[in-house]
Engineer: 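My questions will all concern the structure given below.
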Protein chains: 2
Amino acid sequence: MTTDSCSRQHDVYDASCPCRQLLDLLANKWSALALGALEDGPRRFGALRDRLDGVSPKVLTATLRRLEEQGLIDRTVYPSVPLHVEYQLTALGRDACAPLAALRQWAVANIDRFPALTGAA
Amino acid sequence: MTTDSCSRQHDVYDASCPCRQLLDLLANKWSALALGALEDGPRRFGALRDRLDGVSPKVLTATLRRLEEQGLIDRTVYPSVPLHVEYQLTALGRDACAPLAALRQWAVANIDRFPALTGAA
DNA sequence: GATCTTAGTTCCCTTTGGGTACTACGATGG
DNA sequence: CCATCGTAGTACCCAAAGGGAACTAAGATC
């Protein structure tokens, strides 16, 4: 496996290949954080908004809807009095977490090698 | 200058932590594709534009500049007559390729599990 | 001197991102 | 009875980023 392109017909480097769209969905700050935030079990909208520090409700909603559309997460509504909505990973979403977790962890582990970001000269 | 409020305890879930900015840089379609396109050696601007099917020169320039600023790639200008510019990974960029390659490969390997993207019902 | 090539830049428009305010719902409580 | 609370969003508006097409520069080549 010297290349990352599928030996059959799929290739992220082909703009018209659906896996390009998939990459666009996953290679996204909020997607990566949202899926990671669900790794430890279901979470509610408010909990996600708090965990994904800095996300606006609008963008969080859009992100979650996109992930739900693609079957990476499930959205469950409990019509209790203060409305209660739970998001959780599907099997597919759990699988997708592995490479995203690796990316997040790489960022944390290597941030010191980025002087321009850490403020050092 | 220093927006780092999470000194030493780095966390991508903290909006003010520099590694959040790093995640934003890496968790991006064009960054992931551009770095991957350089894995096999230096490439010229035109070669990258061709390889990253669908990218506009403006966005490619912006992407490469950002990666260069952060020290992930080097830009070398050969002032020959039809101008010649080569981009190549730095050691840091090569290291960053691993998690990004995993993400690209996951997208290719699992695209069939996304009926909404592949057009299947 | 017209044209080719390379590596962009410029213009303009659309899409996305983002902040703040607001809604619906009924329970709670004064 | 009306005010307030908490949850999960939506509505509105503006700024930033994405994206397409055309254009630029510089010298070589025809």
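Fair warning: this is a prediction, and the values are worked out from it, not measured in the lab. Throughout, a chain's letter reflects where its sequence line sits, starting with A, and its residues are numbered from 1.
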Engineer: Using whole Å, report how far CG of B/D50 lies from C1' of C/dG8.
Structural biologist: 14 Å

Engineer: Between the side chains of B/D95 and A/R113, is the shortest nitrogen-to-carboxylate-oxygen separation below 4.0 Å, so that they form an ion pair?
Structural biologist: yes

Engineer: Counting heavy atoms from C-beta on, name the nucleotide in C/dA21, C/dC11, C/dG19 closest to the side chain of A/K58.
Structural biologist: C/dG19

Engineer: How many Å lie between CG on B/L64 and C1' on C/dT9, as a whole number?
Structural biologist: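 Answer to the nearest Å: 15 Å.
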
Engineer: OP1 or OP2 of C/dT16 less than 4.0 angstrom from a side-chain nitrogen or oxygen of A/W30, does that happen here?
Structural biologist: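 No, outside the criterion.
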
Engineer: Closest-nucleotide mapping onto DNA chain C: is B/Y87 or A/P82 further toward the 5' terminus? I mean the 5' end.
Structural biologist: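 It is B/Y87, whose closest nucleotide lies nearer the 5' terminus.
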
Engineer: Calculate the interatomic distance between A/R65 atom CZ and C/dG17 atom P; express it in whole Å.
Structural biologist: 15 Å

Engineer: How close or far is atom C1' of C/dG17 from atom CG of B/D24, stated in whole angstroms?
Structural biologist: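 Spelled out: CG on B/D24 to C1' on C/dG17 is 11 Å.
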
Engineer: Report the distance from atom CG of B/L83 to atom P of C/dA7, rounded to the nearest whole Å.
Structural biologist: 6 Å

Engineer: Tell me the interatomic distance from A/L60, atom CG, to C/dG18, atom C1', rounded to whole angstroms.
Structural biologist: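 Spelled out: CG on A/L60 to C1' on C/dG18 is 13 Å.
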
Engineer: Indicate if B/Y78 and B/I73 have the same hydrophobic cluster label, given that clusters are the connected sets of ILVMFWY residues with side-chain heavy-atom separations under 4.5 angstrom.
Structural biologist: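 B/Y78 and B/I73: separate clusters.
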
Engineer: Counting side-chain heavy atoms from CB outward, which of C/dT6, C/dG8, C/dG18 is closest to B/V85?
Structural biologist: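 Of the options given, the side chain of B/V85 lies nearest C/dG8.
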
Engineer: Expressed as a whole number of angstroms, how long is the span from A/K29:NZ to C/dT16:P?
Structural biologist: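 Rounded to whole Å, this separation is 16 Å.
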
Engineer: To the closest 0.5 Å, what do you measure between OG1 (A/T118) and NE2 (B/H10)?
Structural biologist: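 So the OG1 of A/T118 and the NE2 of B/H10 are separated by 7.5 Å.
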
Engineer: So, is the end of the A/R43 side chain (NZ or CZ) under 6.0 Å from the ring centre of A/Y87 and within 45° of the ring's axis?
Structural biologist: no

Engineer: To the nearest Å, give me how far apart CG (A/L25) and C1' (C/dT16) are.
Structural biologist: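 Roughly 15 Å, once rounded to whole Å.
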
Engineer: Are A/L26 and A/L35 close enough that some pair of their side-chain heavy atoms sits under 4.5 Å apart?
Structural biologist: yes

Engineer: So, OP1 or OP2 of C/dT6: does either fall under 4.0 Å of a side-chain N or O from B/R49?
Structural biologist: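 No, outside the criterion.
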
Engineer: Touch check for B/Y78, heavy atoms < 4.0 angstrom, all strands: base, sugar-phosphate only, or nothing?
Structural biologist: nothing

Engineer: Check every nucleotide of DNA chain D for an atom under 4.0 Å from a heavy-atom of chain A, then give the first and the last such nucleotide from 5' to 3'.
Structural biologist: D/dT7 to D/dC13

Engineer: Can you find a pair of side-chain heavy atoms, one from A/R20 and one from A/D24, that are under 4.5 Å apart?
Structural biologist: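 A side-chain contact under 4.5 Å is absent here.
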
Engineer: Which pair of non-hydrogen atoms, one from A/C97 and one from A/E39, has the smallest distance, and what is that distance?
Structural biologist: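 So the minimum-distance heavy-atom pair works out to CB-OE2, 3.2 Å.
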
